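The structure under discussion appears below in the form of structure tokens.
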Amino acid sequence: MGKLFPALLPEHEAFIRRQRLFFVGSAPLQSEGHVNLSPKGHDVFRIVSPTEVGYLDLTGSGNETSAHLEENGRITLMFVAFEGPPLILRLYGKGRVILPGTPDWETWSPRFELLPGARQIIGVDVRAVKTSCGFSVPFYSYEKERDTLQRWAATKSDDELNDYWRSKNAVSMDGIPTPLGRRIAESAPFEDEGSAKDEKTRP
């Protein structure tokens with residue numbers, strides 16, 4: 001039976017830190033809009049407090065989550081035990097997009113290693129935590145991370161990444177603008193403080 005909590009407990013945080021994969025769900029307000037579900041790998045998730053989390057968002061062929069958060073803020077994060085005792089843990093919250101060059105970026109970015117292809121940070125105010133049994137989830141063994149995306153992004157100049165974001169990441173499938181797309185349209189390419197090739201590491 002599922003259990004509901006108002007915030008993350010220490011055991012929830014420990015479970016999350018052991019996971020190498022999580023899923024992000026979001027949706028537009030329009031009834032005919034597309035619900036989005038994205039898997040996220042790499043060491044990109046951070047717990048700031050029992051009610052605040054975030055992840056470094058890497059370049060992808062779409063930018064659905066960002067558009068949905070800009071429109072309505074709703075987001076669900078899911079972690080699943082593929083090894084050890086079964087468990088599914090979901091975080092329900094209000095999300096926001098944090099772009100390079102903004103005050104929030106200066107606060108959030110030191111928490112991460114800024115991997116090649118990093119385009120934004122997704123911050124989430126957690127409103128509810130729900131756990132469930134996960135009894136039907138199969139066992140899977142972790143082998144290693146894929147480095148394809150990072151190798152691809154490392155070969156791109158800032159201008160080339162901006163061109164890709166402008167082409168692929170400016171609007172959602174349903175035509176909802178993204179903060180990244182609006183930023184590119186309104187200003188010059190990101191300066192060094194937001195470069196996807198910054199070599200910051202978390203303290």
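Numbers here are sequence positions counted from 1. Small disclaimer: the values here were computed from a predicted structure and weren't measured.
- Minimum interatomic distance between A81 and P85 (heavy atoms only, all atoms of both residues): CB-O, 3.3 Å.
- Side-chain contact between M173 and E64 is present, with at least one heavy-atom pair separated by less than 4.5 Å.
- Although no hydrogens or angles enter the test, the distance criterion places no donor-acceptor pair under 3.5 Å between the side chain of S132 and the main chain of G2.
- In the hydrophobic clustering of ILVMFWY residues, with side-chain heavy atoms under 4.5 Å counting as a link, I16 and L87 come out together.
- Taking the side chain as every heavy atom from C-beta outward, V129 and L89 approach each other to under 4.5 Å.
- For the atom pair CD of Q150 and CG of L115, the computed distance is 4.5 Å after rounding to the nearest 0.5 Å.
- With hydrogens and angles disregarded, no donor-acceptor distance shorter than 3.5 Å links the side chain of S167 to the backbone of D163.
- Residues satisfying the ring pair (Phe, Tyr, Trp, His ring centres under 6.0 Å) criterion with Y164, sequence neighbours excluded, are W152.
- In terms of heavy atoms, N72 sits closest to A27 at ND2-O, 2.9 Å.
- Between R119 and T59, the shortest heavy-atom distance links the atoms CD-CA, 3.8 Å.
- Here L21 is tied into one hydrophobic group with F23, L37, M78, V80, F82, I88, V137, Y140, each link being a pair of ILVMFWY side chains closer than 4.5 Å.
- Side-chain contact between R17 and I47 is present, with at least one heavy-atom pair separated by less than 4.5 Å.
- Proximity of a side-chain donor or acceptor of D174 to a complementary backbone N or O of H34 within less than 3.5 Å is detected.
- At a threshold of 4.5 Å between non-hydrogen side-chain atoms, the residues I75 and L69 count as touching.
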Open item on the list: Let's go through V24 and I122 carefully: what are the C-alpha distance in whole Å and the side-chain angles of both, what is the deciding distance for side-chain contact (heavy atoms from CB on, under 4.5 Å) to 0.1 Å, and is it a yes or a no?
Closed with: CA-CA 11 Å; V24 179; I122 303 299; over 6 Å; no
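- Inter-residue side-chain proximity for E83 and S141 is flagged as met; some heavy-atom pair is nearer than 4.5 Å.
- Of all non-hydrogen atoms in A67 and S172, the two that sit nearest each other are CB-CB, 3.6 Å.
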- [ ] List the steps, then state whether ring pair (Phe, Tyr, Trp, His ring centres under 6.0 Å) holds for F15 with F79.
- [x] CA-CA 9 Å; F15 172 75; F79 299 83; 7.2 Å; no
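- Residues P86 and C133 have side chains not in contact (no heavy-atom distance under 4.5 Å, counting atoms from C-beta outward).
- When side chains are defined from C-beta on, D57 does not count as touching V97, because their heavy atoms never get closer than 4.5 Å.
- Without hydrogens or angle criteria, E13 side chain to P10 main chain gives no donor-acceptor distance under 3.5 Å.
- To the nearest 0.5 angstrom, Q120 atom CD is 7.5 Å from N169 atom CG.
- Hydrophobic clustering, with ILVMFWY side chains joined whenever heavy atoms are under 4.5 angstrom apart, keeps Y92 apart from V48.
- Comment: R182 engages E70 in a salt bridge, judged by a side-chain N to carboxylate O separation of less than 4.0 angstrom.
- Scanning all heavy atoms of the two residues, the minimum distance from V44 to F112 falls at O-CE2, 3.0 Å.
- With respect to the salt-bridge test (charged N to carboxylate O, under 4.0 angstrom), the residues D125 and K94 do not qualify.
- N36 and S38 are linked by a side-chain donor-acceptor pair at a separation below 3.5 angstrom, with hydrogens and angles left out of the test.
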TODO: Take R96 and E52 through the salt bridge (Lys or Arg N to Asp or Glu O under 4.0 Å) test and state the conclusion after the steps.
DONE: CA-CA 11 Å; R96 64 191 184 281; E52 188 174 25; 3.2 Å; yes
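- Salt bridge R46/D43: present, at least one basic N to carboxylate O contact under 4.0 Å.
- Under the 4.5 Å side-chain heavy-atom criterion for Ile, Leu, Val, Met, Phe, Trp and Tyr, F22 and I121 are members of the same hydrophobic cluster.
- A donor-acceptor contact shorter than 3.5 Å links the side chain of E71 to the backbone of L29.
- Within 6.0 Å of OH in Y142 there are more than 12 heavy atoms belonging to other residues, nucleotides or ligands.
- Under the 4.5 Å side-chain heavy-atom criterion for ILVMFWY residues, no single connected hydrophobic cluster contains both V171 and I176.
- Atom CG of L56 is separated from atom NE2 of H42 by 10.0 Å, given to the nearest 0.5 angstrom.
- Closest approach of T51 to A7, counting heavy atoms only: CG2-CB, 3.6 Å.
- No side-chain donor-acceptor contact under 3.5 Å links S66 to the backbone of N63.
- Residue F139 is found outside any hydrophobic cluster, as its side-chain heavy atoms come under 4.5 Å of no other Ile, Leu, Val, Met, Phe, Trp or Tyr.
- Here the side chains of L77 and Y55 are in contact, with some heavy-atom distance below 4.5 Å.
- Of the possible donor and acceptor atoms, none in the side chain of R20 sits under 3.5 Å from a partner among the backbone N and O of K144.
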